Amino acid sequence: MPKLSRNAFFAITVIVLVSIFVSWIYQHNNLPDWSADEIKILQSLSIDKLPPLPKDHSNAFADNLRAAEFGRQLFFDERFSHNSKISCATCHVPELYFTDGLATAAGAQAGIRNSPTLVGVAYSPWQFWNGRSDSQWSQALAPLENTLEHAGSRTQFAHIIFTDKNYRQRYEELFGSMPNLSNKKRFPKAAAPVDNQELNNAWQAMQTKDQKAVNVVFVNMAKSIAAYQRLLQPASSRFDNYVDGIINNDAEKLKSLSKNEIAGLKLFIGKAQCINCHNGPLLTNNEFHNTGIISAARQLPSLGRATGLRIVLTDPFNCQGEFSDVDSKQCKELRFVKTGDELIASHKVPTLRNVADTAPYMHAGQLTTLEEVIEHYNRAPLAMIGHNEIKPLQLSGKEKKQLTQFLHSLSGPLATDPKWLINPHI
């Protein structure tokens with residue numbers, strides 16, 4: 001075997017030492033081999049890229065802090081229910097990122113849908129799992145009279161505000177004088193155009209002008225609640241710190257994720273294809289997709305967006321309705337809404353911000369853990385109705401664990417002043 005020359009030996013030694021040094025730098029800083037295109041993707045997911053909150057032109061009070069304070073009081077007030085025991089915060093608990101930890105909501109009766117987080121939803125043009133409302137204020141109206149949720153009535157709510165000195169003063173400072181509701185024959189204690197026959201009969205017996213007067217109060221309540229909910233926004237997570245570390249070559253921030261979490265992030269934007277729907281700073285495209293999720297126990301398969309689209313287009317409280325604060329021609333989401341058979345059994349893509357802390361998952365809480373969710377997407381079973389858009393991922397057991405670990409790095413605090421998270425009635 002020929003002997004190496006001194007120069008060759010020196011060159012090989014240098015190469016080995018450089019390789020060891022580069023390997024040490026990689027391990028020390030947790031720096032994977034991110035391509036320029038991957039770095040652009042990571043930047044697009046960072047909370048730092050979250051644009052200013054979009055205006056809700058249909059709600060003239062959307063960014064009024066006095067309206068938000070009034071809305072906070074309404075949000076936590078249990079009197080706005082049939083039994084004075086249910087508030088918005090019953091199903092949207094601040095300590096749980098405004099979810100409730102249940103498979104399906106528990107209001108006046110057992111619900112049929114999972115309570116999604118309210119954090120960041122002001123960025124979405126559609127509300128509810130099936131998108132049956134096109135604004136936060138129109139969304140806030142539905143649970144108040146839904147028999148499974150608050151199960152109250154709009155005249156009941158109007159009377160509470162009218163007779164409560166504090167509420168009435170706040171209301172009139174914002175919206176002008178309330179109608180005089182003291183005549184109980186004109187304004188029944190409980191009346192609403194709902195499925196409950198007694199409530200509906202009482203509503204139909206009212207004069208049209210009185211119905212409208214109550215509707216205005218009802219809508220203004222919801223617009224105040226929406227103003228409050230717009231303040232609920234996410235802040236940076238460990239993932240965001242890591243991306244910032246990549247962009248600014250910050251060694252300390254590059255330690256924000258473990259090796260397995262980084263591997264999971266690689267999967268998230270690559271092989272696992274999560275990025276297809278969970279993109280942007282809120283990790284959602286706010287669209288609707290059929291992912292073949294099985295129906296909840298004792299429930300028929302949900303038609304999802306197909307049902308939601310029919311409801312939102314005929315909703316008297318939508319952007320084009322008389323209670324909207326914008327000309328109907330400006331309601332672009334409704335005017336150019338997507339239709340088609342592919343919407344059958346499709347549901348809204350939820351944000352993945354704080355996803356590890358907002359179990360269970362899917363529109364009816366069918367899956368209880370992140371591991372179950374990932375396994376569902378890995379298998380991609382046939383849809384019960386409609387067409388499943390996802391394909392089997394063929395992730396290994398190790399890869400599934402890494403992806404799960406990465407999702408935990410998306411948890412972070414709220415970028416909301418703590419005072420807004422406190423129940424003002426305690």
Side-chain angles (χ1 to χ4, degrees), residues 32 34-54 97 116-127 129-131 233-247 256-257 261-293 304-305 333 336-338 342-343 346-358 361-363 370 373-374 376-378 380 388-393 395 399-400 402-412 415:
W34 295 111
S35 69
D37 287 340
E38 287 176 325
I39 290 175
K40 287 182 180 179
I41 292 174
L42 296 183
Q43 281 185 285
S44 74
L45 303 178
S46 171
I47 199 73
D48 290 340
K49 293 297 181 181
L50 190 65
L53 195 58
Y97 293 99
T117 180
L118 299 179
V119 178
V121 296
Y123 280 88
S124 176
W126 308 107
Q127 307 298 323
W129 283 101
N130 61 9
Q233 299 298 333
S236 293
S237 65
R238 288 191 295 114
F239 160 72
D240 300 295
N241 291 338
Y242 177 75
V243 174
D244 189 60
I246 292 176
I247 305 306
S256 298
L257 298 188
E261 289 171 333
I262 293 171
L265 173 55
K266 277 272 191 180
L267 291 165
F268 185 90
I269 67 172
K271 181 179 178 181
Q273 302 176 35
C274 311
I275 192 74
N276 292 350
C277 298
H278 295 285
N279 47 53
L282 293 178
L283 301 165
T284 171
N285 61 7
N286 289 315
E287 293 292 342
F288 301 85
H289 296 281
N290 184 337
T291 59
I293 188 67
R305 181 57 168 163
E333 295 291 346
F336 303 108
V337 67
K338 178 182 177 181
E342 65 270 21
L343 298 178
S346 64
H347 293 86
K348 186 179 174 183
V349 177
T351 178
L352 293 186
R353 292 278 169 185
N354 306 304
V355 66
D357 302 294
T358 54
Y361 307 104
M362 304 303 182
H363 64 272
L370 287 175
V373 173
I374 291 172
H376 169 78
Y377 283 97
N378 198 42
N388 187 351
E389 300 175 37
I390 62 176
K391 304 296 181 184
L393 300 176
L395 298 177
E399 288 173 327
K400 287 185 286 186
Q402 290 172 330
L403 185 55
T404 301
Q405 289 180 52
F406 163 67
L407 293 175
H408 280 264
S409 77
L410 298 174
S411 292

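Worth saying up front: this structure is predicted, and the values here are computed from it rather than measured.
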>> Can you confirm whether the side chains of Lys348 and Ser124 place a donor and an acceptor under 3.5 Å from each other?
In response: yes
> Asn378 side chain to Ile374 main-chain N or O, any donor-acceptor pair under 3.5 Å?
Replying inline: no
>> Any side-chain to backbone donor/acceptor pair from Gln127 onto Val121? Under 3.5 Å, distance only.
In response: yes
> Between Arg305 and Gly131, is there a donor-acceptor pair closer than 3.5 Å when you use the side chain of the first and the backbone of the second?
Replying inline: yes
Side-chain atoms of residues 42-51: list all donor-acceptor pairs with protein atoms under 3.5 Å, sequence neighbours left out, distances to 0.1 Å.
| from | atom 1 | to | atom 2 | distance (Å) |
| --- | --- | --- | --- | --- |
| Ser44 | OG | Ile41 | O | 2.5 |
| Ser46 | OG | Asp48 | N | 3.1 |

> Can any side-chain N or O of Arg353 pair as donor or acceptor with the backbone N or O of Ser236 at less than 3.5 Å?
Replying inline: no
>> Under the salt bridge (charged side-chain N to carboxylate O under 4.0 Å, His left out) definition, can you give me all pairs with a residue in residues 269-286, not counting sequence neighbours?
In response: Lys271-Glu399
> Any side-chain heavy-atom pair from Ile262 and Phe406 closer than 4.5 angstrom?
Replying inline: no
>> Using only atom types and a distance under 3.5 Å, with no angle test, would you say the side chain of Arg238 pairs donor to acceptor with the backbone of Ser256?
In response: yes
>> So, using ring pair (Phe, Tyr, Trp, His ring centres under 6.0 Å) as the criterion, who are the partners of His408 when residues are at least two apart?
In response: none
> Is a donor on one side and an acceptor on the other found under 3.5 Å between the side chain of Asn354 and the backbone of Gly412?
Replying inline: yes
> What residues, two or more places apart in sequence or in another chain, satisfy ring pair (Phe, Tyr, Trp, His ring centres under 6.0 Å) together with Tyr97?
Replying inline: none
> Are the side chains of Asn241 and Asp244 in touch, meaning some heavy atoms are under 4.5 Å apart?
Replying inline: no
> For Val355, does its backbone N or O pair with a side-chain atom of Tyr361 as donor and acceptor, under 3.5 Å?
Replying inline: yes
> Out of curiosity, Ile247 CD1 to Ile39 CD1, how far, rounded to the nearest 0.5 Å?
Replying inline: 6.0 Å
>> My understanding is that only residues two or more places apart in sequence, or in another chain, count here; which of them pass salt bridge (Lys or Arg N to Asp or Glu O under 4.0 Å) with Glu287?
In response: none
> Would you find a donor on one side and an acceptor on the other, under 3.5 Å apart, between the side chain of His376 and the backbone of Thr291?
Replying inline: yes
>> To the closest 0.5 Å, what do you measure between CD1 (Ile269) and NZ (Lys40)?
In response: 13.5 Å
> How many angstroms lie between CZ in Phe268 and CG in Leu283, if you round to the nearest 0.5 Å?
Replying inline: 5.0 Å
>> When you measure from the side chain of Glu389 to the backbone of Asn290, do you find a donor-acceptor pair of N or O atoms at a distance under 3.5 Å?
In response: yes
> Does the Ser237 side chain pair with the main chain of Ser409, one donor and one acceptor, at a distance under 3.5 Å?
Replying inline: yes
> Taking only residues two or more places apart in sequence, or in another chain, which ones meet Lys338 in a salt bridge (Lys or Arg N to Asp or Glu O under 4.0 Å)?
Replying inline: none
